[in-house]
Amino acid sequence: MTPHHNRAFRLALVLPLGLLAGYFLLLLGGQAPYLNGSTLRAELSSSTLLDAIRLSLVSATIATLAALAFAVPAGYALARLNFPGKRLLDTLLDLPVVLTPVALGTLILMALNTPPGRFLHSLGLTLPFTVAGVIAAQFTVVVAMAVRMLKASFEEISPRYEQVARLLGCSAGGSFLRVTLPLARRGIIASFILCWARAIGEFGATVMVAGTARGQTATLPSSIYLAMSAADLSRAVVLILILILISFAVLFLVRLVGGRRP
Amino acid sequence: MTPHHNRAFRLALVLPLGLLAGYFLLLLGGQAPYLNGSTLRAELSSSTLLDAIRLSLVSATIATLAALAFAVPAGYALARLNFPGKRLLDTLLDLPVVLTPVALGTLILMALNTPPGRFLHSLGLTLPFTVAGVIAAQFTVVVAMAVRMLKASFEEISPRYEQVARLLGCSAGGSFLRVTLPLARRGIIASFILCWARAIGEFGATVMVAGTARGQTATLPSSIYLAMSAADLSRAVVLILILILISFAVLFLVRLVGGRRP
Amino acid sequence: DEITVFAGSASQPPLEELAAAYRQQTGNRVILHFGGSGTMLNQIRLTGAGDLYIPGSPDFLSKAQRFQLLDPGAKILAYLLPAIIVPKGNPAKISGLNDLARPGLRVGMADPEGVCVGLYGVELLAFNHQLEKVRPNLVGMVESCAKAAAMIPLGQVDAVLGWREFGSWNPAASEVILLRPEQIPRIAYIPAAVIRTSSRKRAAGDFLRFLTGPEGAAVFARWGYITDETDIRRLAPQATLGGEYPLPGDWQ
Amino acid sequence: MIRAEQLRIACGDFRLGPVDLSIPAGSYLTLLGPSGAGKTILLEALMGLLKPAAGRVLLNGEEMAAQPPERRNIAYLPQDLALFPHLSVQDNILFGSRVRRLDPAASRDRLAELVAMLDLEGPLTRRDISTLSGGEKQRVALARALLPNPQLLFLDEPHSALDAGITRQLQIKLRQINRELGVTILHVTHDQEEAFMLGGQIAVLIDGRLQQLGSSDEIYYGPANLSVARFLRHQNIFSLTVAERLPDGRMRLRGELDLVCASGRDLPVGTRVAVGIRNEEVTLIRPDRPVGDDLRDNLFAAVIVDIFGFGGYHTLVVKIRESPATIELNLPNCAFRDLGLGTGDKVRISLRARSLWVLPPDDGEPRGQHSYMEG
Amino acid sequence: MIRAEQLRIACGDFRLGPVDLSIPAGSYLTLLGPSGAGKTILLEALMGLLKPAAGRVLLNGEEMAAQPPERRNIAYLPQDLALFPHLSVQDNILFGSRVRRLDPAASRDRLAELVAMLDLEGPLTRRDISTLSGGEKQRVALARALLPNPQLLFLDEPHSALDAGITRQLQIKLRQINRELGVTILHVTHDQEEAFMLGGQIAVLIDGRLQQLGSSDEIYYGPANLSVARFLRHQNIFSLTVAERLPDGRMRLRGELDLVCASGRDLPVGTRVAVGIRNEEVTLIRPDRPVGDDLRDNLFAAVIVDIFGFGGYHTLVVKIRESPATIELNLPNCAFRDLGLGTGDKVRISLRARSLWVLPPDDGEPRGQHSYMEG
Ligand SMILES: Nc1ncnc2c1ncn2[C@@H]1O[C@H](COP(=O)(O)OP(=O)(O)OP(=O)(O)O)[C@@H](O)[C@H]1O
Ligand SMILES: Nc1ncnc2c1ncn2[C@@H]1O[C@H](COP(=O)(O)OP(=O)(O)OP(=O)(O)O)[C@@H](O)[C@H]1O
Ligand SMILES: [Mg+2]
Ligand SMILES: [Mg+2]
């Protein structure tokens, strides 16, 4: 159907979108005066930049996948099971969103000082100032968001389909894998995108847990932070641009691949 | 139907959830050793704390409502209209998620130095180091997230309902208000919750744009950050607890009110 | 051997250069973590990691000592002198402290309740009886040295009351207006100390000596720092070195 | 075999049961009832998809709900179809075979057979099931249920969106599946013609209660109560009084009509009863023909007051002379045309004694009769 | 009034049209066709909800698609119902009245009237429409469409989930709305009996093409082609040759059967034609009765080979003696019982000359006949 929107309505739709787009373009373009060719060249030829990019991509991807690995079953459990304390648990999940990442990083460090944290350490998993710490920090920041989004996705899927699938011969696990999971595909892709974006941009908790050692635990955002805290704006701008470009490229690809019907 | 999950499947669902819950509880509980009664009392009796709480609540709420005011039409436009460059625009919306808030704050400041930014300034809207700046920073951080979530919500709603509503006599705007918007209710509440949580915890961009003047532009998270950067862990822990409690209370209320059928 | 250093981000360029030089000379690797000095202090406190702590200002040294995180025997790597920083070309035509009180001027400063440069700035204004006059012009209280420094290139303010060294962090965008020597009540410094829980104290001490030795001084000087006490005394003869200044009771 | 014992279900305000029902293996049970009677609820309760408020359902002697659904071996065509939206038409149909790991070659053959039977060649290659027409969706859901050769088949209004041609073919096919393969079928429908055609036992459900269970003849000629009679569109129902028992065992009834009926019920003289006859059983006597013996008893002169055409037949509403009663009857098209009838024409009709049923009007006063014009 | 001019629609592989159709104001048009014929697509195209690939639709002379939907004054009952999931039953029904700001008191009266008519008292207070039964949903959607007293009513299979009783009432009601209020109704159905009963014009759509448009009698006795005949379940179709034109204008046909028919078609001797007759028009001649004049022409001796009961009537399949042909016929229940017929019994049947239709077999060889057993 031709939508037949009258002009006022169409304007009410398009104007906010246009304003937002303009604003974001301004945010992107405002950097231009601070951009400086020689810094760009210097930065691009630096080997620590490559390290930072690699670490950022790898850690964001691992953290996101790990978060989804937890969030898919946890979100499904929250959507379908009923148990005492479910509401409390749900509220607990707001923790990492509500908290400033730096504070969250601090809480992670504090938690590592508790008996369970020390037990983890005794198993050989050292988080402070390691790459594992980078991933753990990013995981912590995004996992709750992933659970929340997937819970919402699963709630939208009528349990009817699972009923029918089970009568057709599927086990509980089978009907989850064959029916519910594919039906939640859009939600899963959306939460992958949001979590990955958040993870690759995450810096507060990462820096707190893993520090900023160049070539070791410094991600792109922590390099940006370093440049800014050394008041080196032109380097910061270059790094910001690189972060934006890389992320946009990856997210565009994910959309392209995920957008296709399986 | 009794779900008839076999034990392995049930375990595969409940285990990740249990682990997550345990982890988050650990994060909450790990602070205990650093909590200090006298700091708590001192902090609770300080008037700047009240100011910070008030500012945090007010700015997060205004920023979230403003973000929704943009995101509802923008998300709907993205979900229903087709126009050239839509995909590009969609990618542009990842900007604030991908970027470290500190970097985003920097971009905001840079954008204010451009002609459109200066025009805004000449209109009397001064962002740097003002409460308006706090709100603008939080708005920028959450608005794209809100657009993304609402777009997803609107996409899930079949245009069929609007068709039928319009044949029944609704204008385009009317069918949006009477049908699509209420159908997106859950999505709108979910994005309010996520955006509000993110806004109240937001600190990087806020501090960059508005600074941390006590009693003026200092929010709870920036007070936390100040305490941390002054290496005052026991104050930080108190503030973190206060932030968590207040946010949980508000989000719980929103869920309670929003969860009811209208 | 490999040592881990937690350093305030202000000293990033000279330290990176020195770490590289040190590695070439001794083969020992120095892992540098930069960040806010207070944040790093928390990290040391919470993890017990690291060998050497180099905060951006002396107040963090005292805090760390109060938490008994450091070995005795802290060293000074460079001195920090209060000054006014203005945008390149000095568009607001500021020549000294009194000009900061000019109505309508936007003056930036770090938060005195946590950042050394802010605290010393308040003292400086009070010492020169300018505090009440400049106060209406103070627009932003940022929470770190670096942000105070960045306020000039980002065009947020007309002047920043900060360290003289801010000028050399952003030579392209900023200009330093030095104060008259008798106006300066207190100066700061970049300290360095070995962390108590370090497991490589000898190596840490070696690197600390390298930093304070001639090569270290030369590099810091090249990045615009004053490393020699006699030099700094020329610019601020009566100033106290480090220490804390109690904020006036009506400060809010 | 499936057994419901004192089964009660509560859904919101709606109460179903108590239902006692047993469905022997290999039987064909049609569950017939009006919209909102609780057919879908009963069906889902019998499958163990709804938790009973009381009573229980047994599958081969074991509690149905205790068995995992995938072991119940029930193929279900839900009224809302519940086709899997993420699967293509073919994958939807093959779902059961895949998850049960049936032989792929056999499944392909079966697929081809079902596609031919259900006339689904066109839609079969469709990726997006939302583009199917209403009836195509229903046929795909039916194919999905039939493909894995289930032992139990639960069908909730499987033909509601289909035209008569394919419906007839499918009815035949279902009977065949039931008889030749021994598949137990529970078939929900609101269509009495379908129920009668399918030929097995019919359970009539009205207002959440099983009103009658019996063969099609039993239900056709002897509705158990007035609700059933009305639902089955017995349009001619009269409230009369037993006047006399005749020596041949029949009864004479009086009231708005005087009738003789052959009902075997042992009702004492003076009882008020409801008496009825289906439209199809009312005979219009051709003016040129002699009246047969069996038509003599309840012979009335009447006037046509209304005529409705339905393609294959016409329905006449006639007013009995010297009585306030009107009667509806159906006339095959050819007969109607032959006779050239019109409104106002005088006719003779007969209500055969053995086609009349008699009920004590225990469930409320019988309403005089339902008329087409009531709605 | 609505006018489609050379309307063509393309949906995926499916092609509809070209359709030329005009629906005068106040008319009742029934769109009849099998599942998948394109009925829903045509309906939505006529409403301007689908963009035509070619041609156009006019509403009172103006391009339909150019008018905002809310001005078209069409009430639509979609096949998928599209009840608003966030509204209660009552709010769903009142939606149109609210958005059009009709007088609330009048709407309440109308609501009460519709609720009574549609037997929705129980569900009316329900908040959650997902708890409604299939038929209740359909009735709520119908009430929603009817409430604002529209000028145009588009109904897509409005009775598919409803039992015969309420369906009949609604059919009557719709006719009344059409006649008394002058509402133009376009009614999609797959049920030929419903189409014939509604009494207006019938458009037969098969395979995306309008095959025939006419009154119920025209379509009942004279299907325009074999597709229509088959769809309308003319089970007796034969391929014969014109052998002779009789002096009274009738034709003699020969082939598997020798028939005389009254068709007025001007076909030369030697033409191969398809000849058919509906089940309902085949007359079984009672053994004790004389054969009427009009039954003499095509009188055959036959043997019963199969019997199907449908409640109100039985369908007999009989084999003609001295011919390979079998013929199906419907017999009213009472007649069937009177005659006490069984498989193997010998009977006489007559195919009346004036009930036979004749078509040049232009759309392919006519298939001998459809049998119930085909499926
Ligand atoms: N959750 C519920 N809450 C309240 N009433 C319910 C609920 N579920 C079903 N009902 C009501 O129970 C009655 C029976 O529903 P059911 O779906 O079994 O009817 P049905 O016989 O299948 O009718 P149809 O032929 O229309 O599908 C209906 O009136 C329905 O509205
Ligand atoms: N988007 C599409 N892509 C491909 N085919 C389609 C699409 N939409 C409809 N069709 C096909 O067009 C044909 C006609 O569809 P339509 O819904 O009009 O059928 P219908 O006559 O209403 O049938 P029913 O009685 O089963 O509802 C169907 O075969 C359907 O599968
Ligand atoms: Mg039902
Ligand atoms: Mg249709």
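Lettering follows sequence order; numbering is per chain, from 1.
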- Item | Residue pairs, two or more places apart or on separate chains, that pass salt bridge (charged side-chain N to carboxylate O under 4.0 Å, His left out) and touch residues 187-205 of chain A |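 Sorted pair list comes back empty.
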Looking at [options], which one has more heavy-atom pairs under 4.5 Å with chain B than the rest?
options	answer
A:Phe248, A:Phe252, A:Phe203	A:Phe248
A:Leu15, A:Ile200, A:Leu95	A:Leu95
A:Asp90, A:Thr140, A:Val14, A:Leu112	A:Thr140
A:Ala227, A:Ala190, A:Pro96, A:Gly29	A:Pro96
A:Ser175, A:Ala236, A:Ala111	A:Ala111

Part of [X] lying under 4.5 Å from any heavy atom of chain B:
X	result
A:Leu239	neither
A:Val72	neither
A:Thr114	side chain
A:Leu251	side chain

Distance-only check: which donor-acceptor pairs under 3.5 Å involve side-chain atoms of residues 97-109 of chain A, not counting sequence neighbours?
residue	atom	partner	partner atom	Å
A:Thr100	OG1	B:Gly201	O	2.8
A:Thr106	OG1	A:Val102	O	2.8

Between [atom1] on residue [X] and [atom2] on residue [Y], distance to nearest 0.5 Å:
X	Y	atom1	atom2	value
B:Arg148	A:Ile193	CZ	CD1	7.0 Å
B:Met228	A:Met208	CE	CE	5.0 Å
A:Met149	B:Met149	CE	CE	6.0 Å
B:Leu81	A:Arg10	CG	CZ	5.5 Å

- Query: Checking side-chain contact (heavy atoms from CB on, under 4.5 Å) for the pair B:Leu233/A:Met110: CA distance, chi angles, key distance, verdict?
  - Reply: CA-CA 11 Å; B:Leu233 273 187; A:Met110 288 174 172; 4.1 Å; yes
- Message: Is there a side-chain contact between A:Asp94 and B:Ile244 in this structure, where contact means two heavy atoms from C-beta onward sitting under 4.5 Å apart?
- Response: no
- Query: Mind checking what makes side-chain hydrogen bond (donor to acceptor under 3.5 Å, both in side chains) contact with A:Gln31, not counting sequence neighbours?
  - Reply: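 Not a single residue meets the side-chain hydrogen bond (donor to acceptor under 3.5 Å, both in side chains) criterion with A:Gln31.
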- Item | Option in B:Val237, B:Leu243, B:Ile224, B:Leu220 with maximal non-hydrogen atom pairs under 4.5 Å from chain A | B:Leu243
- Closest non-hydrogen atoms of A:Ala12 and B:Pro73, given as atom of the first, atom of the second and distance, are O-CB, 3.4 Å
- Where is the tightest heavy-atom contact between A:Phe70 and B:Pro16, given as atom of each residue plus distance?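 Distance-wise, the nearest heavy atoms are CD2-O, 3.7 Å.
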- Residue by residue, which of residues 21-28 of chain A have a heavy atom closer than 4.5 Å to a heavy atom belonging to chain B? A:Ala21, A:Tyr23, A:Phe24, A:Leu25, A:Leu26, A:Leu27, A:Leu28
- Item | CA sep, side-chain torsions, deciding dist, call: B:Phe83, A:Leu17, side-chain contact (heavy atoms from CB on, under 4.5 Å) | CA-CA 12 Å; B:Phe83 48 89; A:Leu17 192 63; 3.7 Å; yes
